Amino acid sequence: MCYNVRMGDFFSQVQSQKQTQVQVMSQMQIHALKILSMDTDNLRDEIAKAANENPALMIDDGLSDAVQNKIKSSTRISQGAQKSSDAFQAIIEQKEDFRESLREHLLHQLHMERLDAQEISVGEKLIQNLDSHGHHILEPETLLDKSNPGENISVLKKCMKLIQSFDPVGVCTKNVEESLLVQARQNPAADELSLFILDGHLDFINPPAPSRALKKLQNFFESRRNMFALGEEEKKFLSLDLTEEDVQASIDFIRTLTPFPASRFSTEEIHLVSPDIYVSEVDMKNLDIDLEDPALEKKLREKGILKTGNRFWKIRIENSKIPAVSIAPEIQKNGAKEKELKEKIKAAEDFVAMLENRKNTIEKSAWEIVRIQHEFFEKGAGHLVPMRLKDLAQTVGVSESTVSRMANGKYLQYNGSLYPLKYFFENSVSCASKAADSDEGQKNLSRDNVQLEIKKILDEHRDDRKKLSDQKISELLEERGIKIARRTVAKYRMQLNIDSSYDRV
């Protein structure tokens, strides 16, 4: 009997120890994930907080690269810190990603568009003015700078329409009713009756009974006719002889729309974005380098330059805004004498290791993105090649989830434009090749490539009397070896902010 009790106590102790380890590991996971996912501003705040809490951390706020390099050369991270870095890497790769905020998601898309400075300014104001549902907080007109002629109603309407077309469709609206209407207008499956009901007549389907809704519609049109106030659209419905089946179909369609399309995003506030990576083309005539040198690649790398074909790219990671962090020499010297100091030093080493891991992951990823997507940097939009998170992860030597977190909230600046890192990740669109001299049989293009072809087709048929429908565009794409469905064409067209054939002029 006594033996059984002791065995029970033993298992209880083992279980208690395991639970404690899981709890500590979870805290480390959360911290490591936060560091990897942070933008520059949030990382500065995190470093300041860590330094305030841990006297073993020493930070230099001069922020110059020269000072940081000096500190780095004079202060070595211990083997324990390196092991911590490796451990953190393994930890990070086992954790789920954080949700992106609505504003961050919309700003990503805004900065992917080719807009002038006034349009970007107005677009950012509109996005910052959205609540958690994606609705305006203040009236949009009040956001305009009256002293700036470039910020006018025309620009405001253009930016609102653009943001309404972003994912999720239906934000940047005043209420649920307008959100539903915006979603319907951009949905190829929307019928004319559904659009009419959503445009200020939702009460006709409250309750959603087709017989009662049909009677409300008929009474409305009749009263408008008696007042000689029928518009062209309303006259059209009179001639259609609506049935309960028509009304039921509209009710079913409206039920597929989302009253709160922003609900899947977090409500975390964000700051205005700034570049984490700078890319620029280099004229090698200005550099004293022998292009025939067998060690050319190594020497270029030391200068932060990548060669792709006959082009050269300077890649610079923005570290000047991040304070240099090291272990305080005095505490490190006395650390062996006191247990509490040992713990502080270990925590400081772990923190430094996390910062180094973040920096190295961003740098390796940036070089691979430029190498793989060099055609984009050479030729511009429409020339992204298929590249998955998984592809980059394998090349860099980390997990797919690590690359995803690294790219979260990070931006690359090139040629005066700012791009979220996730912009460069494109899934492939499988397309049957019809080229007579092609042995490929099957070719893979990115969404970016297909959108470029859609633009080309629309430009080629710009002067046609009858505007191309999405189905016709799909057929013309197939003639070029790109076989995608009409709905996919419609989705890509909306992402390009191009109106349907009915609205296109």
Side-chain angles (χ1 to χ4, degrees), residues 26-65 67-69 71-72 75 77 81 84-85 88-89 91-92 95-108 111 124 127-128 130 132 265-278 316-328 331 343-363 365-366 402 404-413 418 420-422:
S26 176
Q27 292 171 352
M28 293 168 65
Q29 287 176 339
I30 293 172
H31 200 187
L33 286 168
K34 284 175 62 179
I35 293 292
L36 185 62
S37 301
M38 282 178 180
D39 60 21
T40 300
D41 291 338
N42 287 331
L43 184 60
R44 281 175 58 87
D45 293 340
E46 185 69 15
I47 290 172
K49 178 184 175 183
N52 287 333
E53 294 176 351
N54 190 345
L57 269 180
M58 180 180 73
I59 75 173
D60 171 75
D61 210 10
L63 304 182
S64 69
D65 288 333
V67 173
Q68 289 188 53
N69 290 335
I71 291 175
K72 184 177 179 182
T75 307
I77 301 174
S84 275
S85 177
F88 280 127
Q89 183 65 56
I91 292 167
I92 287 168
K95 200 73 176 173
E96 292 296 324
D97 204 354
F98 294 117
R99 289 198 305 167
E100 192 176 31
S101 73
L102 174 66
R103 294 182 185 178
E104 183 176 13
H105 187 64
L106 295 174
L107 284 171
H108 282 181
H111 289 102
E124 288 179 344
I127 291 172
Q128 297 292 349
L130 300 180
S132 60
F265 294 91
S266 76
T267 57
E268 178 185 359
E269 295 297 323
I270 62 167
H271 304 289
L272 290 179
V273 297
S274 58
D276 300 273
I277 302 161
Y278 292 86
R316 180 172 70 84
I317 309 302
E318 177 56 271
N319 291 317
S320 64
K321 296 180 181 178
I322 301 175
V325 182
S326 59
I327 311 301
I331 294 186
E343 293 175 353
K344 295 291 185 183
I345 292 171
K346 178 62 169 63
E349 288 175 341
D350 290 344
F351 188 77
V352 172
M354 284 191 285
L355 294 178
E356 284 295 308
N357 178 71
R358 176 187 183 276
K359 175 184 173 183
N360 293 336
T361 303
I362 293 175
E363 184 173 355
S365 299
T402 297
S404 176
R405 293 181 189 94
M406 177 281 305
N408 186 48
K410 312 297 189 306
Y411 292 83
L412 181 151
Q413 181 169 303
L418 202 60
L421 282 193
K422 290 186 177 180

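Computed from a predicted model, the values in this text were never measured in an experiment.
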Backbone N/O of Glu356 and side chain of Asn360: donor-acceptor pair under 3.5 Å:
yes
Can you find a pair of side-chain heavy atoms, one from Leu102 and one from Ser132, that are under 4.5 Å apart?
no
For Met38, is there any backbone N or O sitting under 3.5 Å from a side-chain donor or acceptor partner on Lys410?
yes
Does Ile322 reach the side chain of Leu355, with side-chain heavy atoms less than 4.5 Å apart?
no
Distance col, row Asp276:CG vs Lys359:NZ, nearest 0.5 angstrom, shows 13.5 Å
Taken to the nearest 0.5 Å, the spacing of Asp350 CG from Ile345 CD1 works out to 12.0 Å
Close side-chain approach of Asn408 to Leu36, heavy-atom, < 4.5 Å:
no
Nearest 0.5 angstrom please: Asp45 CG to Thr40 OG1, how far?
11.0 Å
Are side-chain heavy atoms of Glu46 and Ile35 found at a separation under 4.5 Å?
yes
Approximate separation, where rounding is to 0.5 Å, of Asn319 CG and Glu363 CD
8.0 Å
Under the 3.5 angstrom rule, does the side chain of Asn357 hit a backbone N or O of Ala353 as a donor-acceptor pair?
no
Residues Asn54 and Ala347: closest non-hydrogen pair is ND2-CB, 3.7 Å
Return yes if some donor-acceptor pair links the side-chain N/O of Arg44 with the main-chain N/O of Pro323 below 3.5 Å, else return no.
no
By side-chain hydrogen bond (donor to acceptor under 3.5 Å, both in side chains), Glu318 pairs with (sequence neighbours left out) Ser320
Could you tell me the separation between the CG atom of Leu106 and the CD1 atom of Ile127, rounded to the nearest 0.5 Å?
5.0 Å
Going through the distances and angles, do Phe351 and Leu57 end up as a side chain to side chain contact (heavy atoms under 4.5 Å, CB included)?
CA-CA 9 Å; Phe351 188 77; Leu57 269 180; 3.7 Å; yes
When His108, Glu104, His105 are each screened for side-chain contact (heavy atoms from CB on, under 4.5 Å) with Pro420, the one that passes is His108
Heavy-atom pair with the smallest gap, counting every atom of Lys344 and Pro55:
CD-CD, 4.2 Å
Does Met58 form a side chain to side chain contact (heavy atoms under 4.5 Å, CB included) with Ile331? I'd like the steps, not just the answer.
CA-CA 10 Å; Met58 180 180 73; Ile331 294 186; over 6 Å; no
How far does CG of Leu107 sit from CD of Gln128, to the nearest 0.5 angstrom?
5.5 Å
Tell me every residue that passes side-chain hydrogen bond (donor to acceptor under 3.5 Å, both in side chains) with Gln413, counting only those two or more places apart in sequence or in another chain.
none
What pair of heavy atoms forms the shortest contact from Leu421 to Ala407, and how long is it?
CB-CB, 3.9 Å
